Number of protein chains: 2
Amino acid sequence: MRKPSIKDIAAAAGVSHSTVSRALRNSPLLKPETIQRIQKIAQEKGYTASAVARSLVTRRTHTIGVVVTTIADPFVAEVVSGIEQTANDHGYSVFLANSNAEPERELKVAQSFAERRVDGIIVTSSRVGALYTPMLSSLQIPIVLVNNQHPGQFVHSVMIANFEASRDATRHLIQLGHTRIAYLGDRFGYQSDTERFAGYREALDCAGIPFLPELVSHGDGKPEGGYEAMKKLLTLPEPPTAVFCYNDMSALGALKAIREAGLRVPRDISLVGFDDLFVAEYCEPPLTTVRQPRRHMGRLAAEILLKLIQGAGAEELIRVPGELILRESTAPPRSPESR
Amino acid sequence: MRKPSIKDIAAAAGVSHSTVSRALRNSPLLKPETIQRIQKIAQEKGYTASAVARSLVTRRTHTIGVVVTTIADPFVAEVVSGIEQTANDHGYSVFLANSNAEPERELKVAQSFAERRVDGIIVTSSRVGALYTPMLSSLQIPIVLVNNQHPGQFVHSVMIANFEASRDATRHLIQLGHTRIAYLGDRFGYQSDTERFAGYREALDCAGIPFLPELVSHGDGKPEGGYEAMKKLLTLPEPPTAVFCYNDMSALGALKAIREAGLRVPRDISLVGFDDLFVAEYCEPPLTTVRQPRRHMGRLAAEILLKLIQGAGAEELIRVPGELILRESTAPPRSPESR
DNA sequence: ACGGTTTCCGCAAACGTGTCCATTATAGGT
DNA sequence: ACCTATAATGGACACGTTTGCGGAAACCGT
């Protein structure tokens with residue numbers, strides 16, 4: 001049989017459905033004893049309000065749409081975890097949608113979110129395509145981006161402070177005595193890569209170390225790409241003594257390449273990653289890396305979005321500082337005097 | 001200004017709103033040219049149907065609720081990815097909710113799903129508490145469990161074939177020549193642990209290897225616990241020459257403990273994990289492990305749920321076979337003749 | 001030309017809730 | 001006792017859609 005509606009319990013209580021509606025929302029217009037009585041009946045009948053009917057009249061669904069390239073990315077998953085947590089704390093539910101970076105699917109997602117009348121949208125670290133962005137912004141719905149990969153198309157976003165973090169990471173290598181420091185980047189030209197590369201350059205410049213283009217190699221942000229890129233660096237007549245990687249995934253691949261070349265980390269080559277994924281702590285050797293406060297970033301994004309939904313203003317861009325986590329993949333170069 | 005409704009475009013087209021409704025659903029009751037005309041107008045006005053209004057009358061929300069302990073678990077994330085994919089392919093959206101295994105939050109989630117009138121629910125590998133299950137089942141909504149940790153409370157579930165998989169994994173160690181094989185389990189008494197342990201026992205029995213209780217140690221399913229459990233095994237007067245771990249996370253901790261003891265994998269001790277998480281491939285040495293087709297399991301769960309929603313019957317329990325992935329953490333024991 | 005189909009479309013009710021406005025009961029003041 | 005201010009409740013409409021039913025127009029066969 002049907003779930004009981006407000007009318008059913010109105011009949012049972014011998015009042016009008018408006019009264020029931022008010023009672024359930026603890027309206028001060030009602031006599032406290034009436035409220036008590038009605039709520040008790042509702043309880044007994046196992047009444048649960050219909051969010052869909054409510055949304056229809058209030059024009060608020062109390063849902064937010066979260067679109068990610070794939071939730072099976074540890075970075076993304078934790079961000080989403082943070083988002084979901086604060087959303088839930090504020091009575092919002094989240095729709096999760098994977099785009100898989102497929103234009104066709106992205107369209108479907110946008111369409112779906114529009115139809116479901118989500119109150120806001122969060123896009124995390126996705127390679128939002130040109131096709132995608134106008135689609136989303138035409139929805140007239142607040143949008144917040146996390147680690148946006150393309151610069152400046154949306155107003156609100158939270159990002160890691162790439163520049164400062166990678167500058168510090170590179171500086172760490174310099175302080176250890178390294179001068180031949182390579183940058184193992186990402187070839188897709190993301191904003192994060194650009195910024196991290198800039199931080200690397202900055203640290204070099206500050207230390208008066210000349211930048212050598214041959215010490216830059218590009219992977220695909222995944223172990224496979226990092227592996228290939230590292231192999232390239234190893235073929236140099238004078239390979240680097242330290243490598244700063246765009247992310248941990250790349251570093252993992254690099255690690256493999258180094259091992260296969262019969263060299264050891266950090267004895268022969270120091271390695272620094274970025275992200276502080278779970279693996280960083282448990283690979284061999286444990287990886288020195290830049291931690292991104294992923295969950296916190298998710299929370300921030302959700303908070304901003306909720307503010308926007310309330311109609312309040314919010315920060316346009318929040319830069320979250322990264323944290324350099326020192327582990328065992330970095331050490332002074334083997335023989336600094338040999339150069 | 002407001003989003004255009006069916007009435008707005010009815011006015012623009014000079015027809016009734018019912019006609020518009022039918023036109024948008026390509027009803028055969030309408031003249032094709034009328035349909036064309038109306039759809040064109042709808043297009044121009046940027047009309048998108050309101051799923052919430054539709055749900056109110058059709059009594060179907062085309063949403064499913066997915067509850068997980070935490071999405072920041074690589075296993076869970078991939079299952080969810082599979083769920084989301086097939087759900088989306090069938091026009092369903094997914095609500096994602098983390099329970100964090102907190103009873104309070106679990107209640108909120110169940111409440112939320114009930115209010116939102118989800119058409120079905122999937123619970124993945126969560127430690128569904130006693131508090132939780134009646135709450136969910138009282139919703140009178142189809143439920144499917146993935147890797148259910150408690151036996152037999154719900155009707156429909158998809159699980160990995162723990163018994164067969166761990167029997168095969170253990171058999172692999174036996175075939176390499178090991179006889180002192182330890183089981184590094186999970187102390188929380190989950191069904192998966194019980195089943196995997198049973199598979200381990202079975203392989204031993206079949207090979208005529210006596211079961212030694214001192215070769216069983218329990219972790220917490222995470223690296224920390226695996227680390228401790230392995231240390232305990234290493235203190236034995238005669239440590240095992242091979243260890244079958246409840247999961248990859250535990251194996252990672254065990255690996256660390258073995259390294260710290262100055263031993264090497266697989267030279268001194270062979271190690272087998274379970275799950276085939278991403279790290280298994282990229283740790284040192286790469287881990288021999290049992291692969292769970294996580295995404296596929298998610299897809300299966302979604303398919304079953306959709307069938308149930310359609311009112312069709314569905315398999316009560318699907319057992320998905322695991323696959324033993326041979327990498328470099330297993331080898332023959334160092335000196336089989338020394339025993 | 002006429003009754004009977006068929007085709008096409010509008011009317012109205014329904015889904016479950018929120019809320020403005022009107023109405024009635026209660027209390028408060030003289 | 002009467003008028004008024006206040007408290008408590010009900011009536012009615014709205015939100016945006018789907019859908020059964022009935023009516024009008026067009027078509028068909030004789």
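Quick caveat: nothing in here was measured; it's all calculated off a predicted structure. Throughout, a chain's letter reflects where its sequence line sits, starting with A, and its residues are numbered from 1.
A side-chain N or O of B:S93 and one of A:S112 form a donor-acceptor pair less than 3.5 Å apart. Side-chain N/O atoms of B:Q111 and B:E115 include a donor and acceptor closer than 3.5 Å.
Open room surrounds CD on B:Q36; 12 or fewer heavy atoms of other groups in view lie less than 6.0 Å from it.
Relative ring orientation between B:F95 and A:F95 is described as parallel, the plane-to-plane angle staying below 30° on a 0-90° scale split at 30° and 60°.
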Subject >> Trace of the side-chain hydrogen bond (donor to acceptor under 3.5 Å, both in side chains) decision for A:T19 with A:S16 >> reply: CA-CA 5 Å; A:T19 305; A:S16 77; 3.2 Å; yes
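At distances below 3.5 Å, not a single donor-acceptor pair connects side-chain atoms of A:D119 with backbone N or O atoms of A:I64.
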Subject >> Summary of protein contacts for nucleotides 11-19 of chain D, nucleotide by nucleotide, where a base hit scores B, a sugar-phosphate-only hit scores S (4.0 Å, heavy atoms) >> reply: BB--BBBBB
Polar pairs (N or O, both sides) under 3.5 Å between protein and nucleotides 6-8 of chain C?
none

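Scanning both residues, B:A12 and B:K45, for their nearest heavy atoms gives CB-CE, 3.8 Å. Considering every non-hydrogen atom in both A:R116 and B:T61, the closest pair reads NH2-O, 2.5 Å.
Across all strands shown, B:V15 has heavy atoms under 4.0 Å from sugar-phosphate atoms exclusively, and none from any base.
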